[in-house]
*Asks:* 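Take this structure first; my questions come after.
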Amino acid sequence: MDFNRIITEWYRINKRDLPWRKTRNPYFIWVSEIILQQTRVEQGLSYYLRFVDTFPDVSALAKASEQQVLEVWKGLGYYSRARNMHFTAKQVIQEFNGVFPSSFQTLITLKGIGQYTAAAIASICSDEAEPVVDGNVVRVFSRIFGFESPVGSTKIFKGVREKSKSFITDTDPGTYNQAVMEFGALFCKPKNPECERCIFKNECYAFKNNLVDKLPLPKTDKPKRDRWLNYLVIVTSEGMVMHQRGIKDIWASLWEFPLLESDRLITVNELIEWSLNEELLPTEIEIVQFEKDFQHILTHQRIFARFFIALPKQEVILQASAKWTIIHKDSISDLPVSRLIDKFIADSSIID
DNA sequence: AATTCGGGGTA
DNA sequence: TACCCAGAATT
């Protein structure tokens, strides 16, 4: 079976019209590939347009602050992608004279670029016969060619890559790679694939053996970790007390309110005791509080968040410190924050 | 080789 | 709910 020719022809007819398919500029391809990591095309599209509009070339990205990059990225998730892009842009300016590399060998050395992204850029931008292996490719190959190792395993990755390498050629390898992925996204879908009108109906291992809903084999996932985040939201006329998260945990380097993490949701009295220790609230001020609870689900964690809002009855002067920053009301919306914080801000009318 | 890094669409 | 998306870095 001439798999390459058949799926490439299918792609020519059925492909979606997407902005990054109108260019071979490695910078734009890079941006699109990073944004689309673990992200659906429909979700990433608006982010791509905003990103290349804000940072039209690698130089513009390198000149920006990390804050500005994260601001554009806000809400997309996996924020290390944005920080790695910023790092790599600066490296390209310094070490590659501002010319974004397009060879697999060089790309793979860059931060945030792994096997998949290096193969994607190299095949699309410089016709290198490097097969990409993403979730779509694993699914398509598992079904058609009968791979039965679980998703995410080293075995399935190596097996599928080797198989795809036997099909890819140095004539338009980028189109071949994109064709397999597009076929997986539009036709050989995870649920309700279009088997009856599929061009591989007669060859497909899964279809012939009635295993379409069994393949690819799922990876066994662990139960989510539960976490309890108690936030203190101090609002005055001049602004709010906030701080930046560290680089190890979730939401690395994003902004949030003073946080007390616990093994449960805490009471207002416990929060006040903690805030006095942290010197967050002036002791002589009487405050009015109310609470608002949110639940927020991540891939590996289930987060119970409780927001305590402190509205000083009289005018107080908030003290900034090394740990706490006073953010003026007008600047809140410019701050890179997680979806959880974003939802809270949007939901409550604290920014009046 | 397993875990961790978000957020949202889909059935 | 559970699944999974044009994956990479860390442990």
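Reminder, nothing fancy here: chain letters follow the sequence lines and each chain counts from 1.
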*Asks:* Among the nucleotides dC5(B), dA9(C), dG7(B), which one has an atom lying closest to any side-chain atom of Q301(A)?
*Replies:* dC5(B)
*Asks:* Any donor-acceptor pair under 3.5 Å between the side chain of R21(A) and the base of dA6(C)?
*Replies:*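 Answer yes: a donor N or O sits under 3.5 Å from an acceptor.
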*Asks:* Does F157(A) have any side-chain contact (heavy atoms from CB on, under 4.5 Å) partners at least two apart in sequence or in another chain, and if so, which?
*Replies:* Q115(A), V133(A), R161(A)
*Asks:* Taking the side chain of Y116(A) as heavy atoms from C-beta outward, which of dG7(C), dA9(C), dC5(B) is closest to it?
*Replies:* dG7(C)
*Asks:* How long is the line joining NZ of K111(A) and P of dA9(C), in whole Å?
*Replies:*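 Rounded to the whole Å, the gap is 9 Å.
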*Asks:* With a 4.0 Å limit, can you tell me whether R339(A) has a side-chain N or O closer than that to the phosphate oxygens OP1/OP2 of dG8(B)?
*Replies:* yes
*Asks:* I'd like to know if E71(A) and K74(A) make a salt bridge, using a cut-off of under 4.0 Å between side-chain N and carboxylate O.
*Replies:*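 Judged by the 4.0 Å cut-off on N to carboxylate O distance, E71(A) and K74(A) do not form a salt bridge.
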*Asks:* Just compare dG6(B), dA6(C), dG8(B) and give me whichever is closest to any side-chain atom of L18(A).
*Replies:* dA6(C)
*Asks:* Is the distance between the ring centroids of F51(A) and Y47(A) under 6.0 Å?
*Replies:* no
*Asks:* Does any residue of residues 22-50 of chain A have a heavy atom under 4.0 Å from DNA chain B, and if so, which ones, in number order?
*Replies:* Q38(A), T39(A), R40(A), Q43(A)
*Asks:* Taking the six-membered ring for Trp and the single ring otherwise, decide whether the centroids of F200(A) and F3(A) are under 6.0 Å apart.
*Replies:* yes
*Asks:* Taking atom P in both dG8(B) and dA8(C), what distance in whole Å separates the two?
*Replies:* 22 Å
*Asks:* Does a side-chain N or O of H300(A) approach OP1 or OP2 of dT3(B) to a distance below 4.0 Å, or not?
*Replies:*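 The answer is no; no side-chain N or O of H300(A) sits under 4.0 Å from OP1 or OP2.
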*Asks:* Looking only at heavy atoms, which two atoms of Y78(A) and W73(A) are closest? And how far apart?
*Replies:*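 Taking every non-hydrogen atom into account, O-NE1, 3.7 Å.
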*Asks:* Expressed as a whole number of Å, how far does the P atom of dA6(C) sit from that of dT4(B)?
*Replies:*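 Going atom to atom, P in each nucleotide, I get 24 Å.
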*Asks:* K248(A) side chain N/O closer than 4.0 Å to the phosphate oxygens (OP1, OP2) of dT11(C)?
*Replies:* yes
*Asks:* Reckon W73(A) touches a base, only the sugar-phosphate, or nothing at all at heavy-atom distances under 4.0 Å?
*Replies:* nothing
*Asks:* Give R139(A) one of three labels, base, sugar-phosphate or nothing, depending on what nucleic acid heavy atoms sit under 4.0 Å from its own.
*Replies:*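 Sugar-phosphate: the residue R139(A), judged by heavy atoms under 4.0 Å, touches backbone atoms but no base.
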*Asks:* Evaluate the side-chain proximity of E130(A) to Y116(A): yes if any heavy-atom separation is below 4.5 Å, no if none is.
*Replies:* no
*Asks:* So, does T299(A) get its side chain near the phosphate of dT4(B), meaning an N or O under 4.0 Å from OP1 or OP2?
*Replies:*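 Answer is no, no contact under 4.0 Å.
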*Asks:* Rounding to an integer number of Å, can you tell me how far Y78(A) OH sits from dG8(B) C1'?
*Replies:*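 Taking atom C1' of dG8(B) as the reference, OH of Y78(A) is at 12 Å.
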*Asks:* OP1 or OP2 of dG7(B) versus the side-chain N and O atoms of W251(A): is any pair under 4.0 Å?
*Replies:*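 Looking at the OP1 and OP2 atoms of dG7(B), one of them is under 4.0 Å from a side-chain N or O of W251(A).
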*Asks:* Take atom CE of M85(A) and atom P of dA6(C), then tell me their distance rounded to the nearest Å.
*Replies:* 17 Å
*Asks:* Does atom CD (Q295(A)) have a neighbourhood of more than 12 heavy atoms from anything else shown, all under 6.0 Å?
*Replies:* yes
*Asks:* Which part of the nucleic acid, if any, lies within reach of G184(A) when heavy atoms closer than 4.0 Å are counted: base, sugar-phosphate only, or nothing?
*Replies:*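 No contact.
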*Asks:* Of S80(A) and K191(A), whose nearest nucleotide on DNA chain C comes first from the 5' end?
*Replies:*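 With S80(A) and K191(A) compared, the 5'-side residue is K191(A).
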*Asks:* On DNA chain B, compare the nucleotides closest to D249(A) and K343(A); which residue's is nearer the 5' end?
*Replies:*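 Its nearest nucleotide being more 5', the pick is D249(A).
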*Asks:* Should the ring pair W228(A) and F304(A) be called parallel, tilted or perpendicular, given that the plane angle runs from 0 to 90° and is split at 30 and 60?
*Replies:* parallel
*Asks:* Considering only heavy atoms, which members of residues 144-182 of chain A lie under 4.0 Å from some atom of DNA chain B?
*Replies:* T154(A)
*Asks:* How many Å lie between CD1 on I297(A) and P on dT1(C), as a whole number?
*Replies:*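 In whole Å, dT1(C) P lies 8 Å from I297(A) CD1.
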*Asks:* Nearest whole Å is fine: how far is dG6(B) C1' from K224(A) NZ?
*Replies:*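 Taking NZ of K224(A) and C1' of dG6(B), I get 10 Å after rounding.
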*Asks:* Expressed in angstrom and rounded to an integer, what is the separation of Y79(A) atom OH from dT4(B) atom C1'?
*Replies:* 15 Å
*Asks:* What does L76(A) touch in the nucleic acid at a heavy-atom separation under 4.0 angstrom: a base, only the sugar-phosphate, or nothing?
*Replies:*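 Counting heavy atoms under 4.0 Å across all strands, the contact made by L76(A) includes a base.
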*Asks:* Is it true that E182(A) and K15(A) make a salt bridge, defined as a side-chain N closer than 4.0 Å to a carboxylate O?
*Replies:*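 Between K15(A) and E182(A) there is no salt bridge, as every charged N stays at least 4.0 Å from the carboxylate O atoms.
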*Asks:* Please check if the distance between the ring centroids of Y231(A) and F294(A) is under 6.0 Å.
*Replies:* no
*Asks:* What is the distance, to the nearest angstrom, from the CG atom on N136(A) to the P atom on dA6(C)?
*Replies:*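 One finds 5 Å between P of dA6(C) and CG of N136(A), rounded.
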*Asks:* In whole Å, I'd like the distance from the CG atom of N192(A) to the P atom of dG9(B).
*Replies:* 19 Å
*Asks:* Do the side chains of D342(A) and R339(A) get close enough for a salt bridge, i.e. N-O under 4.0 angstrom?
*Replies:*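 Salt bridge present between D342(A) and R339(A).
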*Asks:* Among the candidates dC5(B), dA6(C), dC4(C), find the nucleotide nearest to the side-chain atoms of A185(A).
*Replies:*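 Shortest atom-to-atom distance from the side chain points to dA6(C).
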